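The figures here come from the full heavy-atom set of this structure, side chains too, leaving out hydrogens, waters and symmetry mates. Treat the numbers as computed from the prediction; the structure is a model and nothing was measured.
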Amino acid sequence: MLWRVTTADAPSPLSTWAPLRTPIYRALWIAQLVSNLGTWMQTVGAQWILVDEPNAATLVSLVQTAITLPVMLLSIPSGVIADLVDRRRLLLGAQSAMAVLAAILAITTASGHTTPAILLTLLFLLGCGQALTAPAWQAIQPELVPRQQIVAVAALGSMNINIGRAVGPAIAGVLVTISGPTLVFALNAVSFGGIVAVLLFWRRPPTDRALPSERPLAALQAGTRFIRAAPAIRRVLLRSILFIAPASALWALLPVVARDELGLSASGYGLMLGALGVGAVLGALGLSRIRTLLTPTQRLTAASVLFGVATAGAALLRSVPLVLLLLVGAGLAWLLAMSTMNSTMQLLLPAWVRARGLSVYLLVFMGGQAIGSLLWGLVAGALGTVSALLIAAALLACSALSSVWLPIRHNAEELDLTPSAFWPEPQLVVEPDPEEGPVMVLRTYDVPAERADEFLAAMAFLGRSRQRTGAMEWRLYRDVGVLDRYVEAFVVRSWAEHMHQHQVRLTAQDQLREQDVLRFTVGEEQITHLVAVEPYRPPGRVH
């Protein structure tokens with residue numbers, strides 16, 4: 001059976017479970033759940049191998065470092081790659097490679113050759129595979145379900161991760177006790193097979209490539225320009241930092257709270273993690289109701305308040321049941337914040353730059369957790385665990401208050417980001433080479449004096465549209481030689497990149513911005529394309 005996504009697969013958009021009615025998404029979600037279980041089982045097995053080694057504490061901590069460091073190092077390059085190649089093939093190759101690496105780990109463990117160096121090296125390579133797939137995995141979600149279901153997709157993704165985090169270590173603990181870590185590693189290798197099988201059956205619609213592919217460095221620069229010219233996306237990234245940085249304190253210091261403040265054993269700590277997981281699942285189940293009551297900004301505010309209360313409670317309370325109840329609330333808050341920020345990012349990014357934009361979000365998310373955990377550990381070492389958690393709770397309260405001044409876009413689902421090649425093809429007497437440039441585009445507008453203010457306001461939005469789609473520089477000039485005439489000038493890196501603007505990067509939303517401008521003009525605008533040339537310098541002449 002081959003799966004294709006059709007409009008007939010689209011059920012009620014607000015239900016959290018609605019995306020699971022789409023066969024290809026449901027199959028990938030189940031396969032990802034199995035893979036997440038295998039990944040968390042692998043982590044437990046790897047830590048078990050190292051507990052009897054000299055310097056065990058350092059080696060065990062390096063397991064998480066080996067897994068997460070590649071995400072921070074490779075997230076941005078992975079996003080560029082995922083936008084330049086077929087995402088399905090990229091995922092197939094990366095998941096297959098990870099299956100092979102996991103199988104090698106199982107074989108070396110079974111044969112007794114898994115030294116700490118070999119183990120950490122293989123874990124690092126597996127982490128590289130995760131880093132390579134993460135942006136592509138996020139970027140294909142809007143290809144699988146309608147835009148109205150993206151928020152539900154983000155919630156289901158977070159639920160998937162939390163189920164893996166809660167159940168995987170428990171299963172691994174039983175299996176490692178019975179048969180050692182080899183079986184756990186072997187099961188993890190098999191777990192990648194489900195994703196590979198589903199991807200093989202998915203028939204992703206082919207993309208027409210009439211234009212040459214972007215060069216990696218130019219693609220990276222284009223993605224950077226897009227984010228720099230997109231205030232709504234920058235706002236989401238800022239709100240992510242404001243939440244994740246203080247929220248990471250609870251995740252980092254929870255083991256210390258369990259042992260030193262509540263007197264719990266390892267199983268008690270597992271129970272606390274389970275409470276967080278239960279909260280995340282409850283949040284996903286109730287998300288459709290929450291979405292009808294709260295805007296995205298209000299959801300982030302509620303998440304900051306809930307997580308802040310749980311963080312303060314973990315610092316001050318000594319009743320295990322009360323702390324567990326607050327942790328359920330914290331899990332719900334985490335799901336609420338992550339699903340809101342993730343889905344908003346996906347809804348704000350057009351297809352051509354989606355993986356690059358999401359890679360920046362993943363870098364902020366992972367970096368905020370990793371660096372935040374380190375900093376909160378240092379604060380706790382200097383001031384004590386209770387003081388560190390109370391400071392984090394205060395910062396979460398500030399994050400909630402910042403919603404008044406830093407709201408995020410509430411109608412991202414309504415944006416139409418479908419490609420729209422509405423620019424007329426340039427009239428050429430000379431066909432430039434694709435790599436020639438820079439290219440300057442001049443557009444002339446005649447604007448009645450009484451509409452000038454409205455025109456200038458509309459041009460401010462249009463200028464950001466030009467920069468998002470490739471303009472390195474953009475300015476609006478008034479022609480002092482002709483009454484009521486304005487000239488727009490923007491510069492693009494090369495002729496090939498300008499053709500990408502024409503045929504790939506413009507969306508229906510950009511077309512609306514241009515139509516807003518033309519409402520205030522009269523007559524036909526004039527468009528001129530200029531390609532830079534190097535002046536001739538005769539040999540031997542010095543100027």
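Residues L506 and Q511 have side chains not in contact (no heavy-atom distance under 4.5 Å, counting atoms from C-beta outward). At a threshold of 4.5 Å between non-hydrogen side-chain atoms, the residues R493 and H498 do not count as touching. Put simply, the side chain of L238 reaches to within 4.5 Å of the side chain of L406, judged on heavy atoms. Within the 4.5 Å cutoff, the side chain of M41 has no heavy atoms near those of the N188 side chain. Using a 4.5 Å cut-off on side-chain heavy atoms (C-beta onward), F226 and I233 make contact. Annotation: side chain of R88 is in contact with side chain of W202 (closest heavy-atom distance under 4.5 Å). Within the 4.5 Å cutoff, the side chain of N342 has no heavy atoms near those of the F365 side chain.
In this model, a donor atom of one side chain and an acceptor atom of the other lie less than 3.5 Å apart for Q501 and T469. A side-chain donor from one of Q138 and Q346 sits under 3.5 Å from a side-chain acceptor of the other. In summary, the side chains of T297 and S403 do not present any donor paired with an acceptor at a separation below 3.5 Å, with no hydrogens or angles considered. Using modelled atom types, one finds no donor on one side chain facing an acceptor on the other under 3.5 Å when comparing E435 with S494. The closest side-chain donor-acceptor pair between T507 and D510 falls under 3.5 angstrom. R239 and T340 share no donor-acceptor pair across their side chains, judged by distance under 3.5 Å alone.
Within 6.0 Å of CZ in F461 there are 12 or fewer heavy atoms belonging to other residues, nucleotides or ligands. More than 12 heavy atoms of other shown residues, nucleotides or ligands fall within 6.0 angstrom of atom CZ in R234.
For the pair R466 and W474, the cation-pi test (distance below 6.0 Å, angle within 45°) is failed.
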The test is salt bridge (charged side-chain N to carboxylate O under 4.0 Å, His left out); show your working for E497 and R225 and say whether it passes. CA-CA 13 Å; E497 185 150 3; R225 283 195 297 270; 2.7 Å; yes
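The ring of W334 has its center closer than 6.0 angstrom to the ring center of W251.
When each of L123, L37, L187 is paired with Q42, the side-chain contact (heavy atoms from CB on, under 4.5 Å) condition holds for L123 and for no other.
Checked for salt-bridge contact, E414 and R147 miss the test: no charged N lies under 4.0 Å from a carboxylate O.
In this structure, I227 CD1 and R356 CZ are separated by 9.5 Å, a value rounded to the nearest 0.5 Å.
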